Amino acid sequence: MDRATEEQSDYAAELKVALAAAEEAGRMLRARFGDTWRIGVKGEDGDVVTELDLAAERIVLGRLREAFPEDRVWSEEAGVLAGAADRTWLVDPLDGSNNVAIGLPTYAVGIGLCVAGAPVLGVVHEPHTGATWHAVRGGGTYGRGGRLGADGEGPVLAAGPVPAAGPAPAAGPAPAAGPAPAAGPLPAVGPVPAAVPVPAAETLPPDVAVPASSPRLVVAWTQGHSVRKDDALAEALRVALERRTRRVLALWAPLLGWSMLARGTIDGFVGYCAEAVDFPPGALLALEAGCEFRTLEGGPFRVGFAGPDTTRCFVAGRPGVLDRLVALTREAVGAAVA
């Protein structure tokens, strides 16, 4: 038995329960997505909570508490449920509540297990597509197409020969021509403008990794609910990313960003004071798919949920692009504190 198989078997029971819980909650969320339900506001920042959050949470907590009654659980809405401190389940029953509240089908269910503060299992389920991604520490990350790697999943389109053209259809009789319009004077022709060079289009399908040599990167961004709108460092980071990457994804559902990074469909992920509950499950997907993490200034970074939000400021990416992202964030940090 190889190491990856051993790691998977160490948490096989936990993984089975987490997958079943996430997918059951996901089926309920998708079935009720278009319904009418109550929306509430929580916290000083005006974050929302819906009936769907609470219904999905009941499903997940019910399964976890039944299977592992001695474990501690920290859930997005219910808070901390007492149990053994060395094993903590993290539950985000509806990551993307703000999206759902406005009818945007961009949301996920996230479940993770941390042992001694470090993530050992992560599950992310996307109800709208039915896709599920999961990872076990040391055992790799798996999605719809099997095990993922730093180069992502998805079929690469091989260039094949152009198919031979079939016979042209027989031409029908041409319609009778009407009288030609009277010819008027032609407009004056100005000078022909110089041709603008157009870069070659990338033809990669959505689930294939963007090459690390791509001149502009696609990066996901997340920040915690505790970040104020006038936070100078958050603003500096966002501005730097917007100006010097091809696109910044602020999804309001960070777990989806983690699945995209694990698959290789985006290049990196930058977080500022990230939320504790959904961070470890998603980050483990990226770690086990071959991505690496650094602090905003390039130092070592340990994925976990303990400590204040300020300890969860990071840059994550595939090895081929991580240094480029760190150079950008380090410069932004320097400008913000100067």
Side-chain angles (χ1 to χ4, degrees), residues 11 14-30 47-50 52-64 68 71-81 88-100 105-114 118-137 141-144 148 220 222-225 249 251-263 269 271 274-289 291 303-305 309 312 314 316:
Y11 295 100
E14 289 88 343
L15 179 59
K16 181 179 180 180
V17 171
L19 286 169
E23 291 177 354
E24 181 184 352
R27 288 191 295 271
M28 181 279 299
L29 289 171
R30 181 168 182 176
D47 194 21
V48 304
V49 58
T50 72
L52 297 187
D53 292 80
L54 303 177
E57 186 175 65
R58 285 192 293 272
I59 291 171
V60 175
L61 295 185
R63 283 186 175 264
L64 293 181
F68 309 105
D71 292 354
R72 181 170 65 173
V73 180
W74 184 1
S75 188
E76 178 76 14
E77 310 304 338
V80 177
L81 307 180
T88 302
W89 289 92
L90 303 173
V91 178
D92 193 341
L94 176 49
D95 186 33
S97 303
N98 284 279
N99 293 335
V100 172
T106 305
Y107 57 99
V109 180
I111 303 174
L113 174 63
C114 290
V120 299
L121 180 152
V123 171
V124 174
H125 175 65
E126 185 180 349
H128 213 69
T129 64
T132 304
W133 298 273
H134 68 270
V136 171
R137 185 176 63 186
T141 300
Y142 290 80
R144 292 170 293 185
L148 312 187
T222 186
Q223 67 182 50
H225 297 306
L249 304 179
L251 299 172
W252 289 5
L255 288 172
L256 297 180
W258 289 119
S259 71
M260 294 171 73
L261 182 60
R263 304 199 309 272
F269 205 134
E275 295 294 308
V277 172
D278 58 38
F279 175 51
L284 187 64
L285 298 185
L287 279 169
E288 289 296 325
C291 297
V303 174
F305 69 93
D309 292 350
R312 288 182 293 278
F314 62 85

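Every value quoted in this text rests on a predicted model; they were computed, and no experiment measured them.
- Of the inter-residue distances, the one linking Arg72 atom CZ with Leu64 atom CG reads 14.0 Å to the nearest 0.5 angstrom.
- Taking Ala55 as the reference, Met28, Arg32, Arg58 meet the side chain to side chain contact (heavy atoms under 4.5 Å, CB included) condition, with sequence neighbours excluded.
- Remark: the backbone N or O of Ala131 is paired with a side-chain donor or acceptor of His125 at under 3.5 angstrom.
- Panel note: side chain Arg312, backbone Phe305; a donor-acceptor pair is recorded below 3.5 Å.
- Checked by atom type and distance alone, the side chain of Glu57 pairs as donor or acceptor with a backbone atom of Glu77 at under 3.5 Å.
- Across all their heavy atoms, Ala289 and Ala262 have their closest contact at CB-O, 3.5 Å.
- Rounding to the nearest 0.5 Å places CH2 of Trp133 at 15.5 Å from CG of Leu284.
- Going from atom CG of Asp53 over to atom OG of Ser75 covers 9.5 Å, rounded to the nearest 0.5 Å.
- No donor-acceptor pair under 3.5 Å is formed between the side chain of Asp278 and the backbone N or O of Asp92.
- Taking both residues in full, the closest heavy atoms of Glu275 and Gly224 are given as OE2-CA, 3.2 Å, listed atom of the first, atom of the second, then distance.
- Separating the CG atom in Leu19 from the CD1 atom in Ile111 is a distance of 8.0 Å, to the nearest 0.5 Å.
- Put simply, the residue from Tyr11, Phe68, Trp74 that forms a ring pair (Phe, Tyr, Trp, His ring centres under 6.0 Å) with Trp89 is Phe68.
- In plain terms, the two heavy atoms of Leu29 and Pro93 that are nearest each other are CD1-O, 3.7 Å.
- No side-chain donor from either of Asn99 and Trp252 sits under 3.5 Å from a side-chain acceptor of the other.
- If you take CG on Asp309 and CZ on Phe279, they are separated by 11.0 Å, rounding to the nearest 0.5 Å.
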(message) Assess the residue pair Trp258 and Phe314 against the criterion (ring-ring contact (aromatic ring centres under 6.0 Å, His included)); give the C-alpha distance rounded to whole Å, side-chain angles, the decisive distance to 0.1 Å, and a yes or no.
(response) CA-CA 13 Å; Trp258 289 119; Phe314 62 85; 5.5 Å; yes
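- Closest approach of Leu255 to Gly110, counting heavy atoms only: CD1-CA, 3.4 Å.
- The two residues Val109 and Pro127 come nearest to each other via the heavy atoms CG2-CG, 4.2 Å.
- To the nearest 0.5 Å, the span separating CG on Leu251 from CE on Met260 amounts to 6.5 Å.
- Proximity of Pro254 to Asp95: side-chain heavy atoms (C-beta onward) are separated by under 4.5 Å at one or more points.
- If you check the side chains of Thr132 and Glu23, you find a donor sitting under 3.5 Å from an acceptor.
- Minimum interatomic distance between Ala20 and Arg63 (heavy atoms only, all atoms of both residues): CB-NH1, 3.6 Å.
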